[in-house]
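Everything numeric here is computed off the predicted structure, so don't read it as measured data.
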Amino acid sequence: MKYFIIAGEASGDLHASNLMAALKKQDENADFCFLGGDLMAAQGGKQIRHYRDMAFMGIVPVLLHAKTVLQNIKDCKQSILDYRPDALILVDYPSFNLKMAQFVKENLPNVPVYYYISPKLWAWKEYRIKSIKKYVDKVYSILPFEVEWFDKRGYKVDYVGNPCVDAVSNRCHKNESRQEFLQRNHLPDRPIIALLSGSRVQEIKSCLPMMLEAASAYPDYQLVIAGAPSIEKSLYDNYLKEGSAHIVFDETYELLQQADMAVVTSGTATLETALLRVPQVVVYKMSGGWLFHRFLELFIRVDNISLVNLIANKRLVEELVIEEFTVENLKKEINRLLQKEYREQVLNGYDQLIDMLGSEPVSEKTARLIIAELNKTGKM
């Protein structure tokens, strides 16, 4: 079978690559054409575009890169027509992917469209459910509460579990000791505060300087930044004074495994941090300040933004968002994470969350369901 897969950022690349591996196990004739990253490329197939050339977040960056965005859309459409896939698989990245779903249904109506890691419509842009209903054949949800949310709006989704469980379980250096990690990365033997400032340039620019300033108030700890795979080291260097922090690339799980606490930009990494049982504070910053935050509250329909708190349906970890994300507030929360009672409270919450998510291999389950759907259509 021929699968056209679109993932537009680092987390999508990871989860799509695991899905590709699972599809290959269950379909010996699996062939891929994709927009994604290095992990997907390692699974084989034809890469049309790397996600580093697609990950534009926010109105201003999209406008500034409008020519590139439009060219990506054009090239993707043409590649789909040239490839003539048996299935289109979309991974998150809704602004782009829903356009592709519509394009396929209007130009290749017999090609089924499957959405893995669906848009977070329950939080933002609920109107997109009209496009889901019209252009997407099946949604494979990774958040348990989405099943009821979609059902109330007349659309049935399949909950497959969360792919972060797979990714964390299959991580490299799983049994590595703290000393081995420190020696391998040339780090001193001191407790670690991990700084996960996001996978996009805009996130890093907004969050990392404040992370560094707040965490540097705790000199007994070394600060270690999880370098995003698509980001040049020079971007991080702009914010570092000599000896103020270390950077490790492509070792986020290994870093978290040895960290005493973490400051994490809201996104998939918050859930990964919880699965690795690292006490954390979640932060998020964007332009516009408190006035824009008040405006957003008119449209955002959830009380929490981190996956940890959303799945748990309660505040397990603290969130410092937009105007609440200040150096002083972050210092206070780091100090709380040093307190034994609060740490134990967070870790107990993580254990309940881990039980809720289960341990069944998500990629294999999703691949099995996709192939079953293709069998129904007579394509296999």
Colleague: If the test is side chain to side chain contact (heavy atoms under 4.5 Å, CB included), which one of Ser11, Ser199, Pro229 qualifies with Tyr51?
Modeller: Pro229
Colleague: What is the distance from atom CG of Leu195 to atom CE of Met261, rounded to the nearest 0.5 Å?
Modeller: 11.0 Å
Colleague: Flag the pair Leu81 / Phe103 as yes when at least one side-chain heavy-atom distance between them is below 4.5 Å, and no otherwise.
Modeller: yes
Colleague: Hey, does the side chain of Ser79 reach the backbone of Asp75 with a donor-acceptor pair shorter than 3.5 angstrom?
Modeller: yes
Colleague: Could you tell me which non-hydrogen atom of Ile305 sits nearest to which non-hydrogen atom of Leu310, and how far apart they are?
Modeller: O-CD1, 3.8 Å
Colleague: Between Ser197 and Leu208, what is the shortest heavy-atom contact and its length?
Modeller: CB-CB, 4.0 Å
Colleague: Say you draw a straight line from CD1 of Ile142 to SG of Cys164; how long is it, rounded to the nearest 0.5 Å?
Modeller: 6.5 Å
Colleague: Mind checking the CE-CG spacing from Met40 to Leu19? Nearest 0.5 Å is all I need.
Modeller: 8.5 Å
Colleague: On a heavy-atom basis, which atom in Tyr342 and which in Leu337 lie closest, and how many Å separate them?
Modeller: CE2-CD2, 3.5 Å
Colleague: Test Leu196 against every option in Val263, Thr273, Thr265 by the side chain to side chain contact (heavy atoms under 4.5 Å, CB included) rule and name the one that passes.
Modeller: Thr273
Colleague: Salt bridge or not between Asp151 and Lys156? Use side-chain N to carboxylate O under 4.0 Å.
Modeller: no
Colleague: So does Glu341 have more than 12 non-hydrogen atoms from other groups sitting under 6.0 Å from CD?
Modeller: no
Colleague: Under a 4.0 Å threshold between the charged nitrogen and the carboxylate oxygen, would Lys174 count as salt-bridged to Glu254?
Modeller: no
Colleague: Assess whether a salt bridge exists between Glu9 and Arg200, defined as any Lys/Arg side-chain N lying under 4.0 Å from an Asp/Glu carboxylate O.
Modeller: yes
Colleague: Between atom CG of Leu23 and atom CG of Asp31, what is the distance when rounded to the nearest 0.5 Å?
Modeller: 11.5 Å
Colleague: Do the side chains of Asp260 and Ile193 get nearer than 4.5 Å, heavy atoms only?
Modeller: no
Colleague: Hey, are the side chains of Lys133 and Ile129 touching, using non-hydrogen atoms and a 4.5 Å cut-off?
Modeller: yes
Colleague: Check step by step if side chain to side chain contact (heavy atoms under 4.5 Å, CB included) holds for Glu319 and Glu324.
Modeller: CA-CA 8 Å; Glu319 299 177 353; Glu324 295 166 356; over 6 Å; no
Colleague: How far apart are the closest heavy atoms of Leu182 and Pro188, and which atoms are they?
Modeller: CD2-O, 3.6 Å
Colleague: Is the backbone of Val278 close enough, under 3.5 Å, to the side chain of Arg343 for a donor and an acceptor to pair up by distance?
Modeller: no
Colleague: Taking the basic N atoms (NZ, or NE/NH1/NH2) and the acidic carboxylate oxygens, is any pair closer than 4.0 Å for Lys2 and Asp27?
Modeller: no
Colleague: Can a donor-acceptor pair be found, under 3.5 Å and without considering hydrogens, that links the side chain of Arg153 to the backbone of Trp149?
Modeller: yes
Colleague: Listing request: all ring-ring contact (aromatic ring centres under 6.0 Å, His included) pairs with a residue in residues 179-238, at least two apart in sequence or in separate chains.
Modeller: Tyr236-Phe249
Colleague: Given 3.5 Å as the limit, does a donor-acceptor pair link the side chain of Lys24 with the main chain of Gln43, or not?
Modeller: yes
Colleague: Please tell me if the side chains of Asp92 and Asn97 come closer than 4.5 Å, counting only heavy atoms from C-beta onward.
Modeller: no
Colleague: Report the distance from atom CG of Asn162 to atom CD of Glu272, rounding to the nearest 0.5 Å.
Modeller: 9.0 Å
Colleague: May I ask you to decide if Gly36's main-chain N or O and Gln47's side chain share a donor-acceptor pair within less than 3.5 Å?
Modeller: yes
Colleague: Please determine whether side-chain hydrogen bond (donor to acceptor under 3.5 Å, both in side chains) holds for the pair Asn329 and Glu333, giving the CA-CA distance in whole Å, both sets of side-chain angles, and the decisive distance to 0.1 Å.
Modeller: CA-CA 6 Å; Asn329 284 346; Glu333 190 57 28; over 6 Å; no
Colleague: If I take atom CG from residue Leu255 and atom NE2 from residue His173, how far apart are they, to the nearest 0.5 angstrom?
Modeller: 12.5 Å
Colleague: What's the shortest heavy-atom distance between Glu146 and Ser118, and which atoms?
Modeller: OE1-OG, 3.3 Å
Colleague: For atom CD of Glu176, decide whether the heavy atoms of other residues, nucleotides or ligands shown that lie under 6.0 angstrom number more than 12.
Modeller: yes
Colleague: Taking the side chain as every heavy atom from C-beta outward, state whether Cys76 and Phe4 have any pair of such atoms under 4.5 Å apart.
Modeller: yes
Colleague: Would you check, one step at a time, whether the test side-chain hydrogen bond (donor to acceptor under 3.5 Å, both in side chains) holds for Asp38 with His50?
Modeller: CA-CA 8 Å; Asp38 297 339; His50 198 286; 3.1 Å; yes
Colleague: Evaluate Ile132 against Tyr115 for side chain to side chain contact (heavy atoms under 4.5 Å, CB included), listing each step before the verdict.
Modeller: CA-CA 9 Å; Ile132 295 280; Tyr115 218 125; 4.2 Å; yes
Colleague: So, does Ser216 use its side chain to make a donor-acceptor pair with the main chain of Leu212 at under 3.5 Å?
Modeller: yes
Colleague: Honestly curious: do Val308 and Tyr159 fall in one hydrophobic cluster under the side-chain, below-4.5 Å linking rule?
Modeller: yes
Colleague: Any chain of hydrophobic side-chain contacts (each under 4.5 Å) joining Val248 to Leu235?
Modeller: no
Colleague: Give the intermediate values and the outcome of side chain to side chain contact (heavy atoms under 4.5 Å, CB included) for residues Val281 and Val264.
Modeller: CA-CA 6 Å; Val281 52; Val264 187; over 6 Å; no
Colleague: Just checking Glu28: does its CD atom have more than 12 heavy atoms from other residues, nucleotides or ligands closer to it than 6.0 angstrom?
Modeller: no
Colleague: Under 4.5 Å between any side-chain heavy atoms of Val282 and Glu318, yes or no?
Modeller: no
Colleague: Give a yes or no on whether a salt bridge exists between Lys152 and Glu148, defined as a side-chain N under 4.0 angstrom from a carboxylate O.
Modeller: yes
Colleague: Measuring centre to centre across the rings, with the benzene-like ring taken for any Trp, is Tyr140 within less than 6.0 Å of Tyr116?
Modeller: no
Colleague: Give a yes-or-no answer on whether the side chains of Gln257 and Arg178 include a donor-acceptor pair shorter than 3.5 Å.
Modeller: no
Colleague: Considering only heavy atoms from C-beta outward, does the side chain of Ile117 approach that of Leu90 to under 4.5 Å?
Modeller: no
Colleague: So, is the end of the Arg277 side chain (NZ or CZ) under 6.0 Å from the ring centre of Tyr350 and within 45° of the ring's axis?
Modeller: no
Colleague: I'd like to know if Glu203 pairs up with Lys285 as an ion pair, taking the criterion as any Lys NZ or Arg NE/NH1/NH2 lying under 4.0 Å from an Asp or Glu carboxylate oxygen.
Modeller: no
Colleague: Does the pair Val283 and Met211 meet the rule for a side chain to side chain contact (heavy atoms under 4.5 Å, CB included), with working shown?
Modeller: CA-CA 9 Å; Val283 300; Met211 288 180 170; 3.6 Å; yes
Colleague: Hey, is Asp158 close enough to Lys138 for a salt bridge, meaning N to O under 4.0 Å?
Modeller: yes
Colleague: Just so I know, are the side chains of Phe34 and Lys46 near enough to count as touching, which here means a heavy-atom distance under 4.5 Å?
Modeller: no
Colleague: With the threshold set at 4.0 Å, does a side-chain nitrogen-carboxylate oxygen contact exist between Lys105 and Asp137?
Modeller: yes
Colleague: Under 6.0 Å between the ring centres of Phe150 and Trp122?
Modeller: no
Colleague: Under the 3.5 angstrom rule, does the side chain of Ser169 hit a backbone N or O of Asp166 as a donor-acceptor pair?
Modeller: no
Colleague: For the residue pair Asn309 and Ser306, confirm or rule out a side-chain donor-acceptor distance under 3.5 Å.
Modeller: yes
Colleague: Please report the shortest heavy-atom distance between Arg128 and Ser95, naming the atom on each side.
Modeller: NH2-OG, 2.9 Å
Colleague: When you check the side-chain N and O atoms of Gln352 and Asn348, is any donor under 3.5 Å from an acceptor?
Modeller: no
